[in-house]
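Beneath this line is the structure, given in structure tokens, with notes to follow.
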Amino acid sequence: MDRIDAMRAFVAVVTEGSFSKAAITMQLSPQLVSKYVAKSEEQLHTRLLNRTTRRVSVTEAGRQYFIHAQQILLSIDEMAAQLGGLQQHPKGVLRISAPVSFALKHMAKLITDFQARYPSVTVDLQLNDRKVDIVEEGFDIALRIGQLESSSLIAKKIAPIRVVLCASPEYLKIQGTPKQLEDLEGHRYLHYSYMNIETKGQIFKYLKAKQLKESSIFRSNNGDVLVEAAIEGAGLALQPTFIASKALNTGKLVIVLPEYEPNPLGLYAVYAHKKLLPHKIRCFIDFMTDYYGAPPYWDEQIISE
């Protein structure tokens, strides 16, 4: 029994929510799909799915396997498409959803360079910081910043996103420079409304507690506004370097508590799982991969200091 086919069967069951729907998607019998999943469990020596007469649920091991299996199958499909589609010319409208600040600062050149290579593709770029439903709202790709979570969507990591706590030298001269987390007590913190700071490290947890205690601090759903406020001395801002790098490189902002810097988030290209992915989507994802560099160009001067 082919291991890749077994992997595809498992991903289809999780994505579709049942063996019968997965069987229809794969054009196989439910019995064969069930055998494929059982074979995967046998090879991995662990249960991936809990089955009852009414529903199928994914185990903790199954969630981890699902994420890795998606990435493996994506790589295999990409290789096959590249080898089999060398003579294809992508065309049509490519609808993309992207975060506002990232798109304004770092996507104009990307889109221009992409269309120079693929002039038959029209790009419809919509900026929105909320988490759009790409299927319901008709997007081909959504760019998202955060930590990869289990999903029925496919997510391809494009670049690491470094997040730093920063403030202006003038603010720190007046208020003092924190040397440890406890020193943040009494400082003004500029909150980003959409940031999920539940379980991403000590500094996130500390600032979450501070946010709950204090309700009068400056809040905004746009990181550019908070960075500009920090430059003007309004307080401390926890923001990605793709927004703050220019101010950090020119000395208008400085990094605070670098030893508590959280692990980088990721910039992901997210799209719906499709058996035959349109060539325009595959070409754009391939074009984005490594486009920003490793580390990304906006981090180079910060990291070298």
Exercise. What class does the angle between the rings of Tyr118 and Phe114 fall in, given that below 30° is parallel, 30 to 60° is tilted and above 60° is perpendicular?
Worked result: tilted
Problem set entry | Check: Thr241 side chain, Ala244 main-chain N or O, donor-acceptor pair, under 3.5 Å | no
For this session: For residues Thr122 and Gln115, report the shortest heavy-atom separation together with the two atoms involved.
Result: CA-NE2, 3.9 Å
For this session: Could you check if a side-chain atom of Leu28 sits within less than 4.5 angstrom of a side-chain atom of Tyr36, using non-hydrogen atoms only?
Result: yes
Problem set entry | Residues Leu49, Phe19; criterion side chain to side chain contact (heavy atoms under 4.5 Å, CB included); working and verdict | CA-CA 11 Å; Leu49 298 172; Phe19 283 89; 3.9 Å; yes
Problem set entry | Sub-4.5 Å side-chain heavy-atom contact between Pro90 and Ser120 | no
Problem set entry | Residue from Ile243, Leu248, Ile161 passing side-chain contact (heavy atoms from CB on, under 4.5 Å) with Trp298 | Ile161
Problem set entry | Salt bridge present between Asp124 and Arg95 (N-O < 4.0 angstrom) | yes
Exercise. Any donor-acceptor pair under 3.5 Å linking the side chain of Asp5 with the backbone of Asp2?
Worked result: no
Exercise. Do you know which of Glu41, Glu60, Arg63 makes side-chain contact (heavy atoms from CB on, under 4.5 Å) with Leu48?
Worked result: Glu41
Problem set entry | Worked verdict on Ser97 versus Asn128 for side chain to side chain donor-acceptor pair (under 3.5 Å) | CA-CA 7 Å; Ser97 172; Asn128 203 317; over 6 Å; no
Problem set entry | Test item: Ser193 side-chain N/O and Ser220 main-chain N/O as donor-acceptor pair under 3.5 Å | yes
Exercise. For Tyr268 and Ala155, which heavy atoms make the closest approach, and how far apart are they?
Worked result: CD2-CB, 4.2 Å
For this session: Show the numbers, then the answer: is there a side chain to side chain contact (heavy atoms under 4.5 Å, CB included) between Leu236 and Leu190?
Result: CA-CA 6 Å; Leu236 298 161; Leu190 311 176; over 6 Å; no
Exercise. Counting N and O atoms only, with roles assigned by atom type, does the side chain of Asp299 sit under 3.5 Å from a partner on the main chain of Pro295, one being a donor and the other an acceptor?
Worked result: no
Exercise. Can you tell me if Lys280 uses its side chain to pair, donor with acceptor, with the backbone of Val93 under 3.5 Å?
Worked result: yes
For this session: Check whether any side-chain N or O of Asp290 sits under 3.5 Å from a backbone N or O of Gly293 as a donor-acceptor pair, and report yes or no.
Result: no
Problem set entry | 4.5 Å side-chain heavy-atom contact, Ile96 and Phe139 | no
Problem set entry | Nearest atoms (heavy-atom pairs only) where Ala269 meets Ile285 | CB-CG1, 4.5 Å
Atom pairs and distances, side-chain donor-acceptor, residues 165-175, under 3.5 Å, sequence neighbours left out:
from   : atom 1 : to     : atom 2 : distance (Å)
Ser168 : OG     : Tyr171 : N      : 3.0
Tyr171 : OH     : His187 : ND1    : 2.9
Tyr171 : OH     : Arg188 : N      : 3.0

Exercise. Would you say the side chain of Lys39 lies within less than 4.5 Å of the side chain of Arg3, judging by non-hydrogen atoms?
Worked result: no
For this session: State, to 0.1 Å, how close Ser101 and Gly223 come at their nearest heavy-atom pair, and which atoms those are.
Result: OG-N, 4.1 Å
For this session: Go through the steps for Glu16 and Thr25 under the test side chain to side chain donor-acceptor pair (under 3.5 Å), then give the verdict.
Result: CA-CA 8 Å; Glu16 299 295 339; Thr25 299; 3.3 Å; yes
Exercise. Does the pair Arg130/Glu137 count as a salt bridge with the N-to-O cut at 4.0 Å?
Worked result: yes
Problem set entry | Heavy-atom side-chain proximity of Val33 to Arg8 below 4.5 angstrom | no
Problem set entry | Of Leu143, Leu127, Thr112, Val123, the residue whose pairing with Met107 passes side-chain contact (heavy atoms from CB on, under 4.5 Å) | Leu143
Exercise. Taking C-beta and beyond as the side chain, do Ile154 and Val270 meet within less than 4.5 Å on heavy atoms?
Worked result: no
Exercise. Yes or no on side chain to side chain contact (heavy atoms under 4.5 Å, CB included) for Ile76 and Ile4, after CA distance, side-chain angles and deciding distance?
Worked result: CA-CA 9 Å; Ile76 292 171; Ile4 299 300; 3.6 Å; yes
Exercise. Under the side chain to side chain contact (heavy atoms under 4.5 Å, CB included) criterion, do Lys109 and Tyr291 qualify, and how do the steps go?
Worked result: CA-CA 10 Å; Lys109 188 175 187 304; Tyr291 181 86; 3.5 Å; yes
For this session: Could you tell me whether the side chain of Tyr271 reaches within less than 4.5 Å of the side chain of Asp140, counting heavy atoms only?
Result: no
Exercise. Are Arg282 and Asp286 close enough for a salt bridge, meaning some N to O gap below 4.0 Å?
Worked result: no
Exercise. Do Leu238 and Val164 come within less than 4.5 Å of each other through their side chains, counting heavy atoms only?
Worked result: no
Exercise. Which word best sums up how the rings of Tyr292 and His106 line up, parallel for under 30°, tilted for 30 to 60°, or perpendicular for over 60°?
Worked result: perpendicular
Problem set entry | Minimum-distance pair of heavy atoms, taken over all atoms of Gln180 and Tyr260 | CA-CE1, 4.2 Å
